[in-house]
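What follows is one structure encoded as structure tokens, with my remarks underneath.
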2 protein chains.
Amino acid sequence: MNMDAIFKVLANPVRVRILSWLKDPGTHFPPMIHLPEAEQGKGYVCVGLIQEKAGVTQSTVSHYLNLMKQAELLSCKRIGQWTYYCRNEATLQKTADYIARM
Amino acid sequence: MNMDAIFKVLANPVRVRILSWLKDPGTHFPPMIHLPEAEQGKGYVCVGLIQEKAGVTQSTVSHYLNLMKQAELLSCKRIGQWTYYCRNEATLQKTADYIARM
DNA sequence: TCTAAATATCGCATTATTTCGATATGGTCA
DNA sequence: TGACCATATCGAAATAATGCGATATTTAGA
């Protein structure tokens, strides 16, 4: 758990919004029609839809998602041409605990 | 509650360490001998001692403490020539809750 | 009122982050 | 294979954060 990297991710409001959208993809994104049945309902969202909603360029959102993955705030899975990201709830919970105890 | 400002504070490891020292000043700082009896045990620590331990210049630590106060992560009280800072536990708790729910 | 101590503020150089456009990579399907 | 789509990576310019030294402010005490 690299708390330094985690807090650096959170220091950017667009990244925080992405995290919060991924908390409940159903209300923030259309259905992931290319995602196989077995992966539905796990909170995965593809990069393109996140980019659209975030209002930044494709390269920027890709960079953000990578930072969030390095910090283990997100996990990802590549399926076909798409990369799907979802929250890593364990890291978020540990981060909350860290702040409460810190 | 300006979460953006709070996360920006936390994005710096020296500031995070200051916050954690102030969680338990007794084990990290000598007694505050100039602090009146009525304020003892409330977790107040003066700027000079925080500076020494943080290993940055006086102007830098003053700047940091001000950022943390603006973000309501710290409160302060001026007594004589000294400014004493202590944690604002309410903000820290709300921040932890925010991350857990976000 | 002068001096000294503690802290705050200012100005600035350095370094890091942000964010883009361009390009590369990897996967799909005709 | 070749064209195309989604995503990743690269390189660079703009902006923001870091952190210092110098200086100002505030308070205490002689």
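Scope of the values below: all heavy atoms of this structure, side chains included, with no hydrogens, waters or symmetry mates. Proteins come first, then strands; the chains are lettered A, B, ... in the order of their sequence lines, and each starts at number 1.
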d([atom1], [X]; [atom2], [N]) in whole Å:
X	N	atom1	atom2	value
Q81(B)	dT27(D)	CD	P	10 Å
L74(A)	dA8(D)	CG	P	12 Å
R78(A)	dT7(D)	CZ	P	8 Å

Side-chain donor-acceptor contacts of residues 62-72 of chain A below 3.5 Å, not counting sequence neighbours, with atom names and distances?
unit_1	atom_1	unit_2	atom_2	d
Y64(A)	OH	N12(A)	ND2	3.2
N66(A)	OD1	Q70(A)	NE2	3.2

| query | Looking at CG of L49(A) and OH of Y85(A), how far apart are the two atoms once the value is rounded to the nearest 0.5 Å? | reply | 14.0 Å

Which atom of [X] lies closest to which atom of [Y], heavy atoms considered:
X	Y	answer
T95(B)	I99(A)	CG2-CD1, 3.9 Å
I79(B)	Y84(B)	CB-CE1, 4.0 Å
Y98(B)	V16(A)	OH-CG1, 3.8 Å
D4(B)	A11(A)	OD1-O, 3.9 Å

| Is it true that a side-chain atom of R87(B) and a backbone atom of D24(B) form a donor plus acceptor pair closer than 3.5 Å? | no

| message | Any base atoms under 4.0 Å from Y84(B), or only sugar-phosphate, or nothing? Heavy atoms, all strands. | response | nothing

| query | Which residue lies toward the 5' end of DNA chain D, V47(A) or I79(B), if each is placed at its nearest nucleotide? | reply | V47(A)

| message | Any residue in residues 7-32 of chain A with a heavy atom nearer than 4.0 angstrom to DNA chain D? Just list them by number, or reply none. | response | none

| said: Tell me which residues in residues 49-66 of chain A lie within less than 4.0 Å of DNA chain D, going by non-hydrogen atoms. | reply: Q58(A), S59(A), S62(A)

| request: Flag the pair L10(A) / L10(B) as yes when at least one side-chain heavy-atom distance between them is below 4.5 Å, and no otherwise. | output: no

| Parallel, tilted or perpendicular: which describes the rings of F29(A) and W21(A), with under 30° parallel and over 60° perpendicular? | perpendicular

Distance-only donor-acceptor pairs under 3.5 Å for side chains of residues 32-43 of chain B, two or more places apart:
unit_1	atom_1	unit_2	atom_2	d
E39(B)	OE1	K42(B)	NZ	3.3
E39(B)	OE1	K77(B)	NZ	3.3
E39(B)	OE2	K77(B)	NZ	3.4
Q40(B)	NE2	M32(B)	O	3.2
Q40(B)	NE2	L35(B)	O	3.0

| When you list every nucleotide of DNA chain C with an atom under 4.0 Å from a heavy atom of chain A, which one comes first 5' to 3', and which comes last? | dT17(C) to dT28(C)

| query | Taking only residues at least two apart or on different chains, which pairs with a member in residues 45-57 of chain B satisfy side-chain hydrogen bond (donor to acceptor under 3.5 Å, both in side chains)? | reply | T57(B)-S59(B), T57(B)-T60(B)

